[in-house]
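Worksheet for the structure shown next.
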Amino acid sequence: MMNMINVLRIQRSPPKSLYFHKTSSFPSLSTNFYSTSSFGQTSNSLKNKVELLKRSPNSERNVFKELKDRGLILNSSLDDQKMREFLQEKVGVYIGFDPTADSLHLGSLLPIVSMVHFMSMGHKVFALVGGATGMIGDPSGRSSERNLLDTLSIEKNSQLLEKSIRNCLLNSKEFFPDINLEDSFESNLGSFKIVNNYEFYKDLNVLSFLRDIGKHFRVNQMINKDSVKKRMDTQEGISFTEFSYQILQAYDFQQLQKKFDVCLQIGGSDQWGNITEGMALCSRLNKKEAHGITLPLLTNSEGQKIGKSTGIGESVWLSEHKTSPYEFYQYFLRLSDENALRFLPFFTFISTDERKSLEEEHKRKPEGRIAQKKLAEHATILVHGRQQYESAVKASQVLFSGDVVGLGWKVIQQVLKDSPCLELNREEIIGKEILNLAFQANIASSKGECKRLIEGGGLTINNQIVMLKQKIEESDLQEEKFIVLRAGKKNWRLIVLK
């Protein structure tokens with residue numbers, strides 16, 4: 001397939017004179033070189049620009065090298081040296097997200113992290129939400145046809161995905177304070193824009209699209225794409241709907257380049273064929289250079305893809321309504337040493353030197369779970385923000401200290417999600433002996449055992465040791481809503497007011 005792609009690229013590449021490298025945001029050394037009457041004055045201006053570039057924190061950093069060093073580059077439409085040179089200038093780059101679910105999965109965090117790296121080095125990032133393509137469904141990486149969603153579901157999912165992506169990109173300022181979060185290319189600091197590709201298609205009609213866009217695609221080349229060939233070899237085959245997806249993704253690239261000067265697309269490893277079609281369409285219709293990079297798929301230590309289509313990854317989602325910040329934090333905290341060290345360059349923004357030092361320290365003292373803690377910190381802050389990260393840390397400490405006071409109802413629900421919960425009316429709680437409530441909550445097998453537990457100082461209410469004959473008072477209700485009982489270190493009960 002790679003040979004076919006290379007031939008296709010050569011056949012469709014525009015002349016060198018049509019290649020497009022620069023954006024208005026990158027200082028040009030030739031700008032106004034002869035525009036003043038004094039050559040000396042212009043030379044000084046030029047020297048000042050050179051010095052400015054040398055001092056700029058972005059001038060010596062290259063996003064391709066950074067991603068390559070982190071193991072985040074799988075394929076590239078240029079060799080490494082040429083891609084580094086290409087990305088030394090500030091470009092527009094995009095990544096697509098189809099709203100086939102109401103949340104992005106952990107596997108989607110890898111492309112989001114790559115977007116942050118591009119932003120941190122002055123590039124303009126476009127997140128494309130597939131309000132149109134989500135109605136079709138990408139066959140890449142799938143062995144069967146997708147269940148098509150209705151329009152309302154697509155719209156709802158699109159809004160949720162946009163919110164999640166926006167939050168991540170806004171939270172990236174925690175790691176790169178100089179990132180420009182405005183929709184502007186006026187500085188060398190990166191920025192982002194979220195676009196819904198439904199805008200590209202809503203006014204198109206079938207005949208015009210087939211005539212003006214479809215004529216640039218050859219079916220014999222389309223059926224040779226891996227995603228198509230694999231499906232054609234199955235009994236179910238592939239529908240024309242999913243077969244046409246690669247045309248739509250290519251059109252997305254062409255439209256983003258035409259409207260926003262986007263000249264680089266990033267995707268998962270299974271997107272390579274679709275990306276090259278987009279590059280070719282940009283060349284034909286826009287007469288501009290376009291390139292692509294693919295990221296490795298996120299896999300576990302057994303090599304299995306982590307994502308919503310496989311169900312691997314302990315159902316870790318980026319939206320709070322599906323995976324709470326506490327559960328998200330705990331996922332990274334519970335990673336095996338092998339997976340933690342593999343994920344460290346992917347999901348943290350620490351430098352190479354700092355990362356190597358941390359890895360060495362982790363190997364010396366694995367019981368400290370240093371790698372897991374750093375991963376949990378960076379990933380949780382990026383996805384949910386610093387406040388939620390700090391709440392998750394505090395909630396995790398509760399599991400060891402038992403000090404639940406001040407956590408709040410929202411966090412308590414996350415922490416004690418898997419613990420038994422007993423809902424009672426106010427009159428069933430206030431004024432009642434804690435002994436009876438503990439037995440009712442089944443914290444011990446008999447009332448006699450509950451009594452012995454209390455006499456031994458082994459039962460607490462809101463982290464306070466319970467005394468025999470002690471009754472529940474109004475002040476025991478946290479936020480006038482709940483009480484937490486605990487026997488030993490891990491035997492929790494949540495009593496909730498109806």
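Quick note: numbers below take in every heavy atom, side chains included, and nothing from hydrogens, waters or symmetry partners. Heads up: numbering here begins at 1 and tracks the sequence. All values derive from a computational prediction rather than experimental measurement.
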Measure from the side-chain N and O atoms of Gln388 to the backbone N and O of Pro325, and report whether any donor-acceptor pair falls under 3.5 Å. no
Would a distance-only check, ignoring hydrogens and angles, find a side-chain to backbone donor-acceptor pair under 3.5 Å from Ser391 to Gln387? yes
Dump the intermediate steps for side-chain hydrogen bond (donor to acceptor under 3.5 Å, both in side chains) on Asn205 and Ser208, then the final yes or no. CA-CA 6 Å; Asn205 63 64; Ser208 297; 2.9 Å; yes
Side chains of Phe200 and Lys259: closer than 4.5 Å at any heavy-atom pair? yes
Under 3.5 Å, side chain of Lys90 to main-chain N/O of Met121, donor-acceptor pair present? yes
Check whether any side-chain heavy atom of Ser244 lies under 4.5 Å from a side-chain heavy atom of Phe217, and answer yes or no. no
Between Val383 and Cys168, the two heavy atoms sitting closest are CA-SG, 3.8 Å
Does one side chain, of Gln249 or Gln271, offer a donor that lies under 3.5 Å from an acceptor on the other? yes
Does Lys65, at its NZ atom, have more than 12 non-hydrogen atoms belonging to other residues, nucleotides or ligands within less than 6.0 Å? no
Residues Lys156, Asp102: salt bridge by 4.0 Å N-O rule: no
Counting N and O atoms only, with roles assigned by atom type, does the side chain of Thr323 sit under 3.5 Å from a partner on the main chain of Trp317, one being a donor and the other an acceptor? yes
Do the non-hydrogen side-chain atoms of Val93 and Ile266 ever get within less than 4.5 Å of each other? yes
Search all heavy atoms of Met279 against all heavy atoms of Gly292 and return the closest pair with its distance. SD-N, 3.7 Å
Is the distance between the ring centroids of Tyr329 and His384 under 6.0 Å? no
Are any side-chain N or O atoms of Ser319 and backbone N or O atoms of Lys322, one a donor and one an acceptor, separated by less than 3.5 Å? no
Is it true that Gln257 and Asn286 share a donor-acceptor pair across their side chains at a distance under 3.5 Å? yes
Gln81 atom CD: more than 12 heavy-atom contacts under 6.0 Å: yes
Check: Arg70/Thr352 side-chain N/O donor and acceptor closer than 3.5 Å: no
Does any non-hydrogen side-chain atom of Ile381 lie less than 4.5 Å from one of Phe349? no
Does Ile154 offer a backbone N or O that forms a donor-acceptor pair with the side chain of Ser158 under 3.5 Å? yes
Salt bridge flag under 4.0 Å for residues Glu359 and Lys356: no
Is a side-chain N or O of Arg211 found less than 3.5 angstrom from the main chain of Val206, in a donor-acceptor match? no
Is there a donor-acceptor contact under 3.5 Å from the side chain of His362 to the main chain of Ala371? yes
Report the distance from atom CE of Met119 to atom CD1 of Ile179, rounding to the nearest 0.5 Å. 4.5 Å
Test log, rule salt bridge (charged side-chain N to carboxylate O under 4.0 Å, His left out), inputs Lys374 and Glu361: CA-CA 12 Å; Lys374 182 60 69 173; Glu361 187 178 357; over 6 Å; no
What I want to check is whether the side chains of Glu242 and Ser239 have a donor and an acceptor closer together than 3.5 Å. no
Under 6.0 Å between ring centres, would you say that holds for Phe343 and Phe332? no
Scan side-chain atoms only and decide if Gln330 and Ser396 contain a donor-acceptor pair under the 3.5 Å cut-off. yes
How close do Ile293 and Met83 get, counting heavy atoms only, and between which atoms? CG1-CE, 4.1 Å
Looking only at side-chain N and O atoms, does His378 offer a donor or acceptor that is under 3.5 Å from a partner on Thr348? no
Regarding Glu289 and His291, do their side chains bring together a donor and an acceptor under 3.5 Å, going by distance alone? yes
Salt-bridge criterion met for Glu327 and Lys417 (N-O under 4.0 Å): yes
Looking only at non-hydrogen atoms, find the nearest pair between Leu285 and Ile213 and report the distance. CD1-CD1, 3.8 Å
Examine the side chains of Asn197 and Thr133 and answer whether a donor and an acceptor come within less than 3.5 Å of each other. yes
Looking only at the side chains, is there a donor atom on one of Gln372 and Asp337 sitting less than 3.5 Å from an acceptor on the other? yes
Quick one: are Phe175 and Ser120 in side-chain contact, heavy atoms under 4.5 Å? no
Considering all heavy atoms of both residues, which atom of Ile136 and which atom of Thr241 are nearest to each other, and what is their separation? CG2-O, 3.0 Å
Taking the six-membered ring where the residue is Trp, are the ring centres of Phe126 and Phe192 under 6.0 Å apart? no
Is it true that Asn167 and Ser164 share a donor-acceptor pair across their side chains at a distance under 3.5 Å? no
How about Val63 and His123: do any of their side-chain heavy atoms sit closer than 4.5 Å? yes
Surrounding OH of Tyr201 (heavy atoms of other residues, nucleotides or ligands, distance under 6.0 Å), is the total greater than 12? yes
Considering non-hydrogen atoms only, spot the tightest contact between Val91 and Leu87 and give its length. CG2-CD2, 3.6 Å
What I'd like to find out is whether the side chain of Val496 reaches to under 4.5 Å of the side chain of Trp409, using heavy atoms alone. yes
Cationic N near anionic O, under 4.0 Å, Lys288 to Asp261: yes
Regarding Asp98 and Tyr245, is there a side-chain donor-to-acceptor distance under 3.5 Å anywhere? yes
Under 6.0 Å between ring centres: does that hold for Tyr94 and Phe253? yes
